[in-house]
Amino acid sequence: MDSESSKSAFNQIMEAINAKGVNMIGLHGMPGVGKTTLAKEVGKHAREQKLFDKVVMFTMSQNPNIRTIQDKVAEMFGLNFDKNTEEGRAEELFRSMQRVNKILVIVDDLWEEFKMESIGIPFGDDHEGCKILLTTRRQQVCTKMNCKEIQLGILSKDEAWVLFRDKAGLEDDCSTLNDVAKEVAAQCKGLPLAIVVVAKALKGESLNEWRDANQRFKDSTHLYDEEVLGGVLEPLKLSYDYLKKGINQMTGINDIQMCFLLCSLFPEDEEIDTEILITCGIGVGLFPYVSLIEDKRKKIVEALKKLKKSGLLLETDGADTIRIHDVIRDFAHWLTSTGENRFMVKDTLKEWPHMDESYTAIALWNCSSIIKIFPDKVEFSKLKTLFLVGERKRKRDDFLVVFGTFFEEMKALQVLLLQRVSFSLKGLPSLPNLKTLWCYKCRLKNFSSSLTNMRSLEILALIGTEIDEISEELVKLSALKYLRLSNVGVEREMNIPPNLVSRLTSLQELHVISANNLNLLELKSLSRLTALSLELSANQIPLEDFVLPKLQRYGVVVGEIYAVNREAFIRTLVILDYSSSLSAFNNLFCNVEELILWDVGGQKNIVPSIDEMGVNELTSLHLASCDDMEFLIDTKNDQGSTVAFSNLVELKISSMVSLKGLCYGVSPTRFLQNLKQVSIKDCEELQVIFQIDKLSERMKYQTPLLSNLTELSLHSLPKLKMIWEVKPSHRAIASLQSLKVVRIESCHNLKTIFSPCLALSMLHLQELDISYCDRLEQVIGFGQEGEIIENDCLLYCWPKLRVLSIHHCESLKYISTNTLIQSLESVYIENCHQLIQIYNMEQNIVLPELGSQESLTNLKLILLPELKYMWNGPNHYLHRVEITKCDKLTYLFSEITARTLVHLQFLEIRNCYSLEHLIGEAENMDEIDISNTKDQSPLFLPNLKGVRIAKCENLKYLCSSQALPYLESIEIEDCPRLIQIFNMEKNKDGFGLQNDSSLCCWPKLRSLRIQYCPNLKYVCATTWTQGLQSLESVYITECSQLIQVFNMEQNKHGQDIVLPELGSQNDSSLCCWPKLRSLRIQYCPNLKYVCATTWTQGLQSLESVYITECSQLIQVFNMEQNKHGQDIVLPELGSQNHCWTKLKTLQIEDCQLLKYMFANTLSQGFPLLESLYLKNCPQLLQVFSSTEERDVIGDHILLNVPLLKNLEVSNCPQISCFIVQAQHIEELVLSNVGNSRQLCNTDVPVLNEGCIVVGNHEEVFQVQGGYSFSSIKKLKLRNLFEARVIWNDFAQVVTLENLTTLTLSDCKKLRYIFSPMMARSLSHLKDLSIEGCEEIERLILDKDQVSSSSSNGDTSHQPMSFRNLTWITVTNCKNLNSLFPFGFVPVLPMLESLIVKRNSKLEQVFELEKKVEVVAEEKMKFDNLKGLLLEELPGLIQFCPKGYHFVFPEMMQLKVRDCPKLTTGFFIDSQRFVHCKTKVPQLVEQDAVEESTTIRNAIFNENIYWSRL
């Protein structure tokens, strides 16, 4: 039941989940108030509404197991851990979750502050899309973890009574019983958990019992443990006391109560294996008056059912597990904290706890293998139950080591459960009263010799446990009734000594669940055996039958397959890959409940070949690859008396190549009457599944055939022509009244799914999924011979159908004809080429609801080229619509439908060629009266959040709606006829001041993205720009007719509206976009303004501006103007910064008419600017303007941008010079800047700090105040005709250790580049390109040219080396004399390419730093040089200095042309290495070379072109 408190908390949680900036939500409340239930409901809602890509939920509890939680979360993300440590796994999970955009993590039952990163969950700055919802009993946990706190309160008095009355099964009347019950309900303090358990405990009791319970509440001393239990303790105590059957004299409590207390020994929030619970219960003596284990089992199962009905235990998804609520578990621990039955339960034990002798049950879970002070011996004289469990670790050998002496003083011990425990050499001591020993993944040394110390043992389970051997000593356990062996020992096959099992004559249950060598004939000696689990190989089956008449349960698997493991919970028989006679199993077939036959040959049917009696106890049948089987049953020789498959619930058939049908002959009595689930796949001969025309006459008086069928799945049945062969006369004997799910795939001969008579019965159909059925024409078949019913216009009502999915059915014309579907939530239709209309309604059926889809939430239609219409009626719940490739659809919704789409949030349309608009005009639609339609909105699509439209060639506009209060994003792409997004033509009264609500108001619009819409002129023709206060991102590209993003408001005469406030103190009328972060507009040649009236103070969140190829753009943001056309000067101007404090990137390119970037903008308004790019704006005069003297130095704007890293100004010849103070500049590009203004050098003042002059001036960098420009990485200067020096480094402070790229082009007056100290700092320079710098004589200033006053230590004496320089290009530098100084170290060790061209005065490429004559030849290798080009160098005398021998082992291409004075020769040796020397004769004959050299093939210097290829 939804209480007001839970509804309120739910709404608050959903609001917080959707809120930006909230990443952790804390739900707190009293124990038992329903926090977990509500958290699950939130997760369910988030999944159903697809609010997140992943929803994950896990429980922390008081002692969280991090590895288990990590495993659970990793499974949700498909992650397999590579690392083993918790930290390593957390890192892997962290990275995996970061790759998913939106995640909801629900953390249940948190007890203290916890770092989610330790699990591996990213949130906050690490993952803004990850939201965490945690539940806790403690509000302080929420506070400490900085949560958005939400409290879940208790139920109101009325709500509590309604819940209590419902759970107690009381009538809503004024009886005396109800009066007493209301008093009892009030004692539950409004806590749902307490209400449920007390109501269930008293359900069906007499008035006296109710009065007694009420009095007990009143008389009780208030039992409170506020921290743990709060107000639920007394109600739980009452419910516990009402478990009052079968008093056990030994314990003083009854068996059901003891069963409940045993459940509290297991870890918090863990599912409890009922088999372990049953064996422990038998061990402690539950139900002592029952002798057989099977009967004790039934009694304990009944007790568990009663505990679940009472609310003290919970159901789980599995039939073999149960769970206890953490609050109820705490209550059980409170019960056992005192008295005769004292329990202790500890989890994640790292130190041995203090304990006294009075405990009767101890459970120690996850004990560390390095536990401190683990005792050799403890004295627990009263201890009857001990659970000792080692820590969960991946390594198998990591056990909790315990000495056998530890158990010596536990003589009363009855139950011992061990997990991941290893014993010392002596084994177990004498435990005379031990009844149950359960060992899981243990190592038990000398186990065989220990068996003599356990003479009372009745239950022995060894699972995954290493023992010395399965020995004859087992025979000495004369009381042994239950033996379970699974993967015992270290060998793959368990070795059971011959004739051992046959001597265990007291055995009642035997479970051998791994490969073994057991001889089945030994089982004949076990006369008391009632339950058997076995895994057998085919060669273990004896030739003669073996008879086990008293078996009540069995799970037998024959054949080797590791995925199948059957316990004897029900009677199960699995036979795999078996071709021998099945007679050995005759006594099992007669009462088998689950039968699995895989690859079993020689059988044409189940009945009579396998069992003549009809397998009437069979509930589940799985058949696969049984190649000889043709039918389930053959009745051709039957006289009509057979009853067969009468209890079959589940039928799975796959890969049965000979299967022709289910029944051959007349169907037997009660045939498949309980069938619920059918799955058939890959049966190539199957033509008809249910042949109802062959039913016997007796069926008319029985339960209708198929009436219990709930799920039908058919896959890859190529010859299937019909699912059910049925006639109208069979309506009384066949019904699909329970059918909920139908899935059909790849049945290519199927033309219809349902016959008309069966379709009438399908009142509970919920999901219909049909795919790849090429010949399917109709879902409901009409007009077929023999199927015409009396009224062929009957209305087929499927009131519960929620999901409809149909795809790749190329012949389908109608989804449903005359079908009323009222609860449809999701529709997905794809690639149905013949589909004309989704719902085709007969004209003579008239109902008000006809064709309405009131509950539909999701609609997805793909590739339906013939679809013209959908439906005309109302829809109040449609949430998401996706339409793709529906070429004949001209509109989506009628006007009637559109006005009811009050919940539509997401709309996506792609490739719909004929679509003109979303909503059809009313005059074109059938007139349907919707005057009484609920929730009809005066606006279209009032809750629309997202619109995405692409490639709709005829779309003119979306709709005529102007107010979209929840619209968050618009994406439109490639709609060539789109003129405007929302059509304003229908608003005939114009838009004046008196009716400003008619303006486009999108208060929540965050993202606007429009591409390739060549006819779009305005996003909205009349836009109330103040209605865009949430706008964050604008992206517009390739809109050739776009004049203005948002048009001015106009009155009915077509004149711009001048609001009275404009120019006054109230400046709210200006465009104010306070959240706009990104603005990107490109290829809009007619765009003049982004917005005609923009107040730049309304752009305080702007981070990025990118505008390119907008040739008509005059100004990015137009000046504010008054009604006389004059620029507005607001009173604050000059006193208050119009600063854009968050702008990081500004890029303007190819805007031919742009003159100003920002009007009235202070230069100090860009403290976070990181990148500034201005390219190809020939009319640009000024980027920044200012009215404050402090921002103007002479005639120049001073721009202080402390974080600027990238600055490029290219091809802006008209721009006024401005000065940039940027201490962290990394990339600078200046090209063709201010060349049309011949400015004198005196124009630039000298500042106290280093700066960059953006303009055409003598000096690019002004070096002052010790600033070194060390952060610069890329420097490119082009067409700076006045630049003479890059930096006047008189103080020699400039260091360029981070410079990687230097490009200089057409800087005609530049004289040099580097000082010697600068050159020696170029450790990272990789790319050097110099072109057209005519005045340069040297790249590096000679040290003699550097002022002696600026000498800086001994750096000038260090040899010159450019250790990372890789690519060098020097061209058209007519005064250049030499390139690089040359010393005794490799000057260019990483050089790969050297291109030197058209440098007329160049004499030397490498010049010796010191004019020292080389006595002996110096050999120097250039290990990486691959390309060398020397071209048109008339003055070049030498490439390498005299006396040097250069070797180029990696040279791939060498070209030398027009170098007439070159005295350096190039040679190739036998290894194809290139060599060069200076002063070598131009032609060297081979016989003139000394024999010791390897040089050959002399090359002429005049023209060389050589390639290694």
Side-chain angles (χ1 to χ4, degrees), residues 265-267 270-283 293 297 318 320-321 363 365-367 385-400 402 415-423 427-428 434-445 447-448 450-451 454 457-471 474 477 480-496 500-501 504 507-518 531-536 553-557 562-569 572:
L265 292 174
F266 291 85
E270 191 168 293
E271 293 187 359
I272 302 169
D273 189 326
T274 52
E275 186 69 9
I276 296 177
L277 191 62
I278 288 168
T279 54
C280 291
I282 294 172
I293 285 183
R297 177 188 297 275
D320 53 349
T321 58
W365 296 93
N366 293 307
C367 300
T385 302
L386 174 62
F387 293 179
L388 190 59
V389 180
E391 196 172 8
R392 289 190 184 98
K393 289 192 176 180
R394 183 171 287 187
K395 292 182 180 178
R396 180 178 173 82
D397 295 335
D398 209 346
F399 295 101
L400 173 65
V402 179
V415 174
L416 178 58
L417 183 146
L418 304 172
Q419 292 185 19
R420 295 180 290 277
V421 171
S422 175
F423 284 157
L428 285 166
L434 190 65
K435 296 285 196 299
T436 296
L437 175 60
W438 188 287
C439 301
Y440 176 77
K441 290 187 177 179
C442 295
R443 180 183 291 163
L444 308 180
K445 296 179 180 178
F447 179 73
S448 298
S450 302
L451 294 176
M454 299 179 284
L457 195 65
E458 296 181 1
I459 296 173
L460 174 62
L462 303 174
I463 304 161
T465 293
E466 295 180 27
I467 62 174
D468 45 359
E469 62 177 346
I470 302 173
S471 75
L474 276 174
L477 300 177
L480 191 64
K481 300 176 182 178
Y482 177 112
L483 177 62
R484 175 179 291 271
L485 302 173
S486 178
N487 295 309
V488 176
V490 294
E491 301 296 330
R492 181 179 176 275
E493 181 177 285
M494 288 190 299
N495 183 28
I496 301 174
L500 170 63
V501 172
L504 302 175
L507 273 185
Q508 298 175 25
E509 294 196 16
L510 174 62
H511 307 282
V512 183
I513 315 175
S514 55
N516 61 82
N517 64 339
L518 179 64
L532 174 68
S533 301
L534 278 179
E535 282 191 20
L536 305 169
R553 292 179 296 110
Y554 55 83
V556 177
V557 178
Y562 302 108
V564 176
N565 189 338
R566 287 295 187 272
E567 291 274 359
F569 298 124
T572 302

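FYI, the numbering just counts along the sequence from 1. The structure presented is a predicted model; accordingly, all values stated were derived computationally and were not measured.
- Contact detail for L474 and L460: the closest heavy-atom pair is CD2-CD2, 3.7 Å.
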Working note: W438 + I463, criterion side chain to side chain contact (heavy atoms under 4.5 Å, CB included); need CA distance, chi angles, decisive distance, verdict. CA-CA 8 Å; W438 188 287; I463 304 161; 3.4 Å; yes
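- Atom CG of residue L265 and atom CG of residue L417 lie 10.0 Å apart, to the nearest 0.5 angstrom.
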Evaluate the criterion side chain to side chain contact (heavy atoms under 4.5 Å, CB included) for residue pair V512 and V501; output intermediate values, then yes/no. CA-CA 11 Å; V512 183; V501 172; over 6 Å; no
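- Closest heavy-atom contact between I513 and S533: CG1-CB, 4.1 Å.
- At least one side-chain heavy atom of R420 sits under 4.5 Å from a side-chain heavy atom of V389.
- Inter-residue side-chain proximity for L510 and L504 is flagged as unmet; no heavy-atom pair is nearer than 4.5 Å.
- Every salt bridge (Lys or Arg N to Asp or Glu O under 4.0 Å) that E270 has, sequence neighbours left out, goes to R392.
- Shortest non-hydrogen contact noted between C439 and T465 is O-OG1, 3.3 Å.
- A 4.5 Å side-chain heavy-atom check between I282 and Y482 finds every atom pair outside the cut-off.
- Once rounded to the nearest 0.5 Å, the distance linking CZ of F447 with CE of M454 reads 4.5 Å.
- With sequence neighbours left out, F266 forms a ring pair (Phe, Tyr, Trp, His ring centres under 6.0 Å) with W365, F387.
- Closest approach of A515 to E535, counting heavy atoms only: N-OE1, 4.0 Å.
- For N517, the side chain to side chain donor-acceptor pair (under 3.5 Å) criterion is met by N495, not counting sequence neighbours.
- Residues meeting the side chain to side chain donor-acceptor pair (under 3.5 Å) test with R297, sequence neighbours left out: E275, E509.
- Annotation: the span from L400 atom CG to E391 atom CD amounts to 9.5 Å, rounded to 0.5 Å.
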Could you walk me through whether K481 and I459 pass side chain to side chain contact (heavy atoms under 4.5 Å, CB included), step by step? CA-CA 6 Å; K481 300 176 182 178; I459 296 173; 5.9 Å; no
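- Between the side chain of T436 and the backbone N or O of T279, at least one donor-acceptor pair lies under 3.5 Å.
- Under the rule for a side chain to side chain donor-acceptor pair (under 3.5 Å), the partners of S448 that lie at least two apart in sequence or sit in another chain are D468, S471.
- Side-chain atoms of Q508 come within 3.5 Å of backbone N or O of I293 as a donor-acceptor pair.
- Annotation: the span from L437 atom CG to E458 atom CD amounts to 13.0 Å, rounded to 0.5 Å.
- For F399 against K441, the heavy-atom pair with the smallest separation is CE2-O, 3.3 Å.
- To the nearest 0.5 Å, atoms CG (D320) and CG (L277) are separated by 12.0 Å.
- Remark: E466 engages R443 in a salt bridge, criterion side-chain N to carboxylate O under 4.0 Å.
- Take E493 and apply the side chain to side chain donor-acceptor pair (under 3.5 Å) test, not counting sequence neighbours, and it matches no residue.
- With rounding to the nearest 0.5 angstrom, the CD1 atom of I496 is 6.0 Å from the CG atom of L485.
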